[in-house]
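So that the names make sense, note that chain A is the first sequence line, chain B the second, and so on, each numbered from 1. Reckoned from all heavy atoms, side chains included, excluding hydrogens, waters and symmetry mates.
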Amino acid sequence: MPSDPPIRLSDVTYEVGSATLVRDLSFEVGVAETVVLVGRSGSGKTTALRLINHLLMPTRGEVVVKGRRTTDWDPIQLRRRIGYVIQEVGLFPHFTVARNISLVPTLEGWAAERVEARTKELLDKVGLPAEVLSRYPDQLSGGQRQRVGVARALAADPPILLMDEPFGALDPITRADIQREFLAVQETLGKSILFVTHDLREALLLGNHIGLMDQGRLIWMGTPDEFRESPDPHISDFRESLA
Amino acid sequence: MTFSEILNQYQPQLIARIGEHFWLVGVAMLIAASIAIPTGILLTRRPNMQRWVLGFTNTVQTIPSLALFGFLIPMPFIGGIGPRSAIVALVLYALLPMVRNTYTGIKQVDPAVREAALAMGMTDRQILRMVELPLAAPTIMAGLRVATVTAVGVATVATLIGAGGLGDFIYRGLQTVNSNLILLGAVPAALMALGADFGLGLIEKRLVRG
């Protein structure tokens, strides 16, 4: 099915014990599109993300990535085609920056020169100087660590990126910088991105589409402009929380 | 007799006993590590086994060493008189600190790091080898250190079941009320414990940043 979008969720429900974390979730992320999920903590945003790279499996419904159900993918192969960035970054503390960034290409068996060239290219792309390559994560600032996290996720050039509050732990100035760079990079890379945040400003700035989640349901989805003008009471409530 | 006379008189024996002691502890630690480290890893993968395994190793730890050596004498295959029983006992005592430290060392790896590794498409084996074991190495080594230092001490009791070692001098000294003879066993044992602690400490330091 060539018309299939990179990510499609159809009526996805995820239950753990008696708790339903995500209910009847359906949406798509198109090519070169950024979809941002917003909502309170516990609204199911992160669960939705984890269902896509097979860290969780849907109880009902299906998640289709690149035309194939996640349950039909080999999870390892699926995950290597999906970049993943989380707020805690999760850099390997015993690896240098260079080894952190080049992990997936190395696992995929790229030749050493190609890995090295790719690492340098990525470092440049995320705005870090070459001298950080030999450093360890604990020798970097929070902003630098997050940039390395993004570079690591992009390393094997995955068509899809999942980002879970990636800039949440950064100070406002670094955050604004990194958001601007994100937009510039996305302009040239054209990834399919599912982005989770509870920061509405960030959502409006980065998203082509915004989805509002509440208690495991997607209660609204539309463009940032539609979001700004929507008369929907949920949306206006959420908008007011900005002021 | 002064201590230096004792030392002269017993020198050949002393070297033999030190060798025996070293051998008992060394062999026991190698066997214990090759059982305990895989067991600790297994526990992180099968948490429901944790109660049984840690329960067993805990219970073993509560048996007084003298009694444990005694229990082993009538045992077929693993027991009897001589070094075999002593090594079995030392292995049993070493299991708890080694298993527990392997388990906790892996468990305390930052969950965000493990999640990132999983989400990047690393297999369980790769996560273990490239992420969890290197990050747990200092804790695992600390368990090895505690176990080894304890074993050097416990091994002095091995003489009672005919396994030799530095305990020979200590018990002979006790029986003949010769404190110099006791020292002849105790001092090298203490030095061996310190040496093992120091040596393993050096390895541990090198592992902190692989």
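In this structure, chain B has no heavy atom under 4.5 Å from any part of A/Leu78. Contact of A/Val85 with chain B is not made at all, since no heavy-atom distance falls under 4.5 Å. Looking at A/Leu162, there are no atoms closer than 4.5 Å to chain B (heavy atoms on both sides), in backbone or side chain.
Proximity to chain A among residues 109-122 of chain B is limited to B/Ala112, B/Val113, B/Glu115, B/Ala116, B/Ala117, B/Leu118, B/Ala119, B/Met120, B/Gly121, B/Met122, judged by heavy-atom separations below 4.5 angstrom. Residues of residues 49-58 of chain B never come within less than 4.5 angstrom of chain A, heavy atom to heavy atom. Of residues 154-173 of chain B, no residue lies under 4.5 Å from chain A by any heavy-atom pair.
B/Arg125 CZ: 12 or fewer foreign heavy atoms inside a 6.0 Å radius. No more than 12 heavy atoms of other residues, nucleotides or ligands shown are found within 6.0 angstrom of CH2 on B/Trp23. Within 6.0 Å of CG on B/Leu66 lie no more than 12 heavy atoms contributed by other residues, nucleotides or ligands. Within a 6.0 Å sphere centred on CZ of B/Phe71, other residues, nucleotides and ligands contribute 12 heavy atoms or fewer. In this structure, A/Arg40 places its CZ atom where only 12 or fewer heavy-atom neighbours from other residues, nucleotides or ligands lie under 6.0 Å away. Summarising the local packing, NZ of A/Lys66 is surrounded by 12 or fewer heavy atoms from other residues, nucleotides or ligands at distances under 6.0 Å.
Within the structure, the side chain to side chain donor-acceptor pair (under 3.5 Å) test picks out no pair touching residues 76-93 of chain B (sequence neighbours left out).
Interface check for chain B: of the options A/Arg81, A/Arg50, A/Gln87, the most heavy-atom pairs under 4.5 Å are formed by A/Arg50. Ranking A/Glu108, A/Glu88, A/Arg152 against chain B, the residue ahead of the rest is A/Arg152, based on heavy-atom pairs under 4.5 Å.
Distance check, rounded to the nearest 0.5 Å: CD of B/Gln126 to OG1 of A/Thr106 gives 10.5 Å. Separation of atoms CD1 (B/Ile127) and CZ (A/Phe92) is listed at 7.5 Å; rounding is to 0.5 Å.
Residues B/Met130 and A/Leu107 meet the side-chain proximity criterion, which asks for heavy atoms closer than 4.5 Å.
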